[in-house]
Amino acid sequence: MYRFIIKSCSTCDLHGTLFSGQSFMWNNIDAGYDYYASIIDSSAVFIRKLSSHEFEVYSDSSMIYGISVPSFITSYLSIDIDINKVFHDRFQKSYPELWKLLSGYFSLRVLRQDFFETMITFMCAQGIGMHLIRKQVTMLCQMYGEKRALLFGEKLINLYSFPTPLSLAEADISILSRCTNNNRIRAANIARAARAFSEGVIDHEMLRNPQLPLPELRRVLCLNPGIGYKIADCIALFGLGRFDAFPIDTHVKQYLAHWFRSPEALKPLTPARYLELDREARTIFNPEFAGYAGHLLFHCWRREIKKLRTF
DNA sequence: GTCCAGGTCGTCG
DNA sequence: CGACGACATGGA
């Protein structure tokens, strides 16, 4: 077991990380206010908060995705991102009431999560509630993942690893569909995407190139059945660390109408309007961090206005 | 019973 | 393009 200390210049709420894209991945994550545990790149990782700006990290390997654990975790928790970078002064001054409401969400992080996990979990997130999405991911991990009991000091944590691409690629659709809310189309799309990833048709390295323009990245992801604009943008934001990607779902659409008085956001969301709202968002937010900002607003909207409890 | 959930896709006007 | 239904289930 390796142990590292990481110092952070910005605060990070580890429980808040659960509100990130990993809101779905309930049984392959365990987190509380001062700790976070998961299996990342098939290695067990445990993070404990020592103070607001210091973490200790335990890992059973010295490298994750080929880079040192401290470097990886710093990137994973995106503790390099500062809230004043995410929201420019103009935004803060233009929406003072909203800014005050939003201040409770500043310690929430957008994680730089695993590409494959992100792709599959967001393919489960189509027009159904958070509860059902999490149920699907839970079943996927239990049926196709690996059970792992992790011991960190005195703390025992039971988790499932996320299924490997191959295990989903070879899955029988009738069995897999039990994990996808009985939706066979979704199950077939997931198996197909897993196959494409295994075979390199979905070229992870190519997609990870930060020079790749967002529209092109979106176009390539949308080549896969079951991935539309919204899910492609989620994969870019959470799975490729593209904080400029701005996924527009039913909640984002609602707050664009309510908080930013967008008339377009009141109409049904067609592909053409999606692109139009995407353009609008880039005039409201710092385009470089539009998605990061949008994610904070997403949770703020759900909790403060819609009174939805994610946990 | 009705409506809405972190949508996507095929079909039709 | 835009509207509409299918896909599926469960909580409010």
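Lettering of chains follows the sequences in order, A, B, ..., and the numbering in each one begins at 1. On a predicted model such as this, the values are computed, not experimentally measured, just so you know.
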Nearest whole angstrom, please: distance from the [atom2] of [N] to the [atom1] of [X].
| X | N | atom1 | atom2 | result |
| --- | --- | --- | --- | --- |
| A:D233 | B:dG7 | CG | P | 13 Å |
| A:Q136 | B:dG7 | CD | C1' | 12 Å |
| A:Y274 | C:dC1 | OH | P | 17 Å |
| A:L221 | B:dG7 | CG | P | 17 Å |
| A:I231 | B:dG6 | CD1 | C1' | 9 Å |
| A:K267 | C:dG2 | NZ | C1' | 11 Å |
| A:L269 | C:dA3 | CG | C1' | 13 Å |

Sort and list the pairs that fulfil salt bridge (Lys or Arg N to Asp or Glu O under 4.0 Å) and have at least one residue in residues 68-95 of chain A, not counting sequence neighbours. A:D80-A:R112
Determine the Euclidean distance between corresponding [atom1] atoms of [M] and [N]; express it in Å to zero decimal places.
| N | M | atom1 | result |
| --- | --- | --- | --- |
| B:dA5 | C:dA8 | C1' | 12 Å |
| B:dG6 | C:dC1 | C1' | 25 Å |
| B:dC3 | C:dA6 | P | 15 Å |

Contact state string [nucleotides 6-12 of chain C, B base, S sugar-phosphate only, - no protein heavy atom under 4.0 Å]: -SBBSS-
Would you please name every residue forming a salt bridge (charged side-chain N to carboxylate O under 4.0 Å, His left out) with A:D114, sequence neighbours left out? none
At less than 4.0 Å, is any side-chain N or O atom of A:T270 found next to OP1 or OP2 of C:dC1? Yes or no. no
Over all strands shown, is A:K306 touching base, sugar-phosphate only, or nothing at heavy-atom distances under 4.0 angstrom? sugar-phosphate
Which pairs with one or both residues in [range] pass ring-ring contact (aromatic ring centres under 6.0 Å, His included), sequence neighbours excluded?
| range | result |
| --- | --- |
| residues 164-189 of chain A | none |
| residues 146-197 of chain A | A:F46-A:F152, A:F115-A:F197, A:F116-A:F197 |
| residues 71-93 of chain A | A:Y65-A:F72, A:F72-A:Y76, A:F87-A:F91, A:F87-A:W99, A:F91-A:Y95, A:F91-A:F285 |

Return the set of residues passing side-chain contact (heavy atoms from CB on, under 4.5 Å) with A:R261 (not counting sequence neighbours), or none when no residue passes. none
Holding to side chain to side chain donor-acceptor pair (under 3.5 Å), I want the full list of residues that pass it with A:S103, two or more places apart in sequence or in another chain. none
Listed in order of residue number, which residues of residues 249-263 of chain A have a non-hydrogen atom at under 4.0 Å from DNA chain B? A:D249, A:T250, A:H251, A:Q254
Test ring-ring contact (aromatic ring centres under 6.0 Å, His included) on A:F243 and A:H295; report intermediate values, then the result. CA-CA 10 Å; A:F243 296 153; A:H295 193 62; 10.0 Å; no
Donor-acceptor pairs are to be reported for all side-chain atoms of residues 263-271 of chain A against protein atoms at under 3.5 Å, with residues two or more places apart or in another chain.
{"from": "A:E264", "atom 1": "OE2", "to": "A:K267", "atom 2": "NZ", "distance (Å)": "2.8"}
{"from": "A:T270", "atom 1": "OG1", "to": "A:R273", "atom 2": "N", "distance (Å)": "3.2"}

Heavy atoms of A:E117 and A:I39 approach each other most closely as OE2-O, 4.2 Å
So, A:R186 versus A:S177: side-chain donor-acceptor pair below 3.5 Å or not? no
Other hydrophobic cluster members with A:L156, side-chain heavy atoms of Ile/Leu/Val/Met/Phe/Trp/Tyr under 4.5 Å, chained? A:L151
Between the protein and nucleotides 9-13 of chain B, list the N/O to N/O atom pairs that are separated by less than 3.5 angstrom.
{"from": "B:dC9", "atom 1": "OP1", "to": "A:G226", "atom 2": "N", "distance (Å)": "2.9"}

